[in-house]
A.B. asks: 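Have a look at this one.
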Amino acid sequence: MTRNNALRWTVLLAAASVLAACQSAPKPQPETSPPPAAPAADAAGASSDVQTVRRPPPVSGTPLPGTVQDFVINASDRVFFDVDQYEVRPDAAVVLERQAAWLRRYPAVQVRIEGNADERGTREYNLALGSRRANAVREHLIGLGISPARISTISFGKERPLDPGADEEAFKRNRNARTAIASGAR
């Protein structure tokens, strides 16, 4: 071999060695081991030192009975009113009958009736109207057998709109009384 050929081979071998040295090692794989064997039971049938872990039941589409979600879904938490009115409408009476039935089923639950109004009118007028609406709902629930001691009222007037819009549909949604669970639910 000539000196040039030897030099070429030396350079090629050196380059191959450098490339081989730079090559990364394979990533270590996590060890997989079989699950631990069930503990041996003693003569009395008790197992040693291992506690059984119980998994929670799968989530279902229905709320737990006695929860706020149960109330909202099964009784509905809101009734609506006509413009400048606080009388309980027939459609609202049906909702309040469901609320009363739910409250009779869960006698430890306390509620707060929140009276609301749309944005039209003065702040003072809407606070007074919201108060009348909340009290109308309270009196209706009392008439259906719910203890007055379980029901408080508050008026938010136009301060907490359900719908921030400024059209008739928004006004309809904002003229309401909401029955909120104050305490005693799961």
Side-chain angles (χ1 to χ4, degrees), residues 35 46-47 50-186:
S47 62
V50 177
Q51 295 179 355
T52 303
V53 177
R54 293 196 173 114
R55 294 183 183 181
V59 177
S60 69
T62 59
L64 289 173
T67 62
V68 173
Q69 294 84 0
D70 177 39
F71 179 74
V72 171
I73 291 170
N74 294 313
S76 187
D77 66 339
R78 213 172 286 271
V79 295
F80 297 91
F81 294 88
D82 293 326
V83 178
D84 294 327
Q85 299 296 312
Y86 56 91
E87 291 87 24
V88 174
R89 301 185 323 198
D91 61 322
V94 172
V95 171
L96 294 176
E97 288 171 15
R98 287 197 316 260
Q99 287 184 6
W102 192 93
L103 289 167
R104 282 191 294 273
R105 203 169 25 246
Y106 301 101
V109 172
Q110 305 260 335
V111 295
R112 179 183 63 232
I113 310 299
E114 302 170 348
N116 298 288
D118 63 40
E119 69 180 34
R120 298 173 293 185
T122 65
R123 182 175 187 274
E124 293 77 19
Y125 175 81
N126 284 322
L127 282 171
L129 183 57
S131 179
R132 286 188 208 105
R133 288 174 175 167
N135 283 318
V137 169
R138 180 179 188 272
E139 294 304 315
H140 197 91
L141 288 172
I142 291 169
L144 293 171
I146 305 304
S147 168
R150 297 175 60 194
I151 308 169
S152 64
T153 62
I154 189 168
S155 174
F156 291 122
K158 62 181 177 180
E159 304 302 318
R160 293 190 180 180
L162 185 62
D163 186 330
D167 60 359
E168 190 55 40
E169 286 304 310
F171 296 155
K172 282 181 183 180
R173 284 189 283 280
N174 291 334
R175 294 188 302 260
N176 68 74
R178 176 176 175 252
T179 305
I181 305 293
S183 66
R186 286 175 99 187

A.B. asks: Rounded to the nearest 0.5 Å, what separates atom CG in L96 from atom CZ in R138?
C.D. replies: 13.5 Å

A.B. asks: Looking only at non-hydrogen atoms, find the nearest pair between F80 and A92 and report the distance.
C.D. replies: O-CB, 4.3 Å

A.B. asks: Enter the distance from S183:OG to R112:CZ here, rounded to the nearest 0.5 Å.
C.D. replies: 10.0 Å

A.B. asks: Please tabulate, for side-chain N and O atoms in residues 127-136, each donor-acceptor pair with protein atoms closer than 3.5 Å (sequence neighbours left out).
C.D. replies:
unit_1, atom_1, unit_2, atom_2, d
R133, NE, Q85, O, 2.8
R133, NH1, N116, O, 2.9
R133, NH2, D82, O, 3.2
R133, NH2, Q85, O, 3.2
N135, ND2, S131, O, 3.1

A.B. asks: Hey, what do you get for CD (E114) to CZ (R78), rounding to the nearest 0.5 Å?
C.D. replies: 7.5 Å

A.B. asks: Which residue pairs pass the ring pair (Phe, Tyr, Trp, His ring centres under 6.0 Å) test when at least one of the two sits in residues 98-128, sequence neighbours left out?
C.D. replies: F71-W102, W102-Y106

A.B. asks: Report, as yes or no, whether the 6.0 Å neighbourhood of atom CZ on R89 holds more than 12 heavy atoms from other residues, nucleotides or ligands.
C.D. replies: yes

A.B. asks: How long is the span from the CD1 atom in I113 to the CD1 atom in I151, to the nearest 0.5 Å?
C.D. replies: 6.0 Å

A.B. asks: Is any side-chain heavy atom of K158 less than 4.5 Å from a side-chain heavy atom of N174?
C.D. replies: no

A.B. asks: Do the side chains of Q110 and S152 get nearer than 4.5 Å, heavy atoms only?
C.D. replies: no

A.B. asks: So R120 and R175, do their side chains get closer than 4.5 Å, heavy atoms only?
C.D. replies: yes

A.B. asks: Hey, could you give me the CZ/CG distance between R160 and N176, rounded to the nearest 0.5 Å?
C.D. replies: 12.0 Å

A.B. asks: Is there a side-chain contact between I181 and V111, using heavy atoms and a 4.5 Å cut-off?
C.D. replies: yes

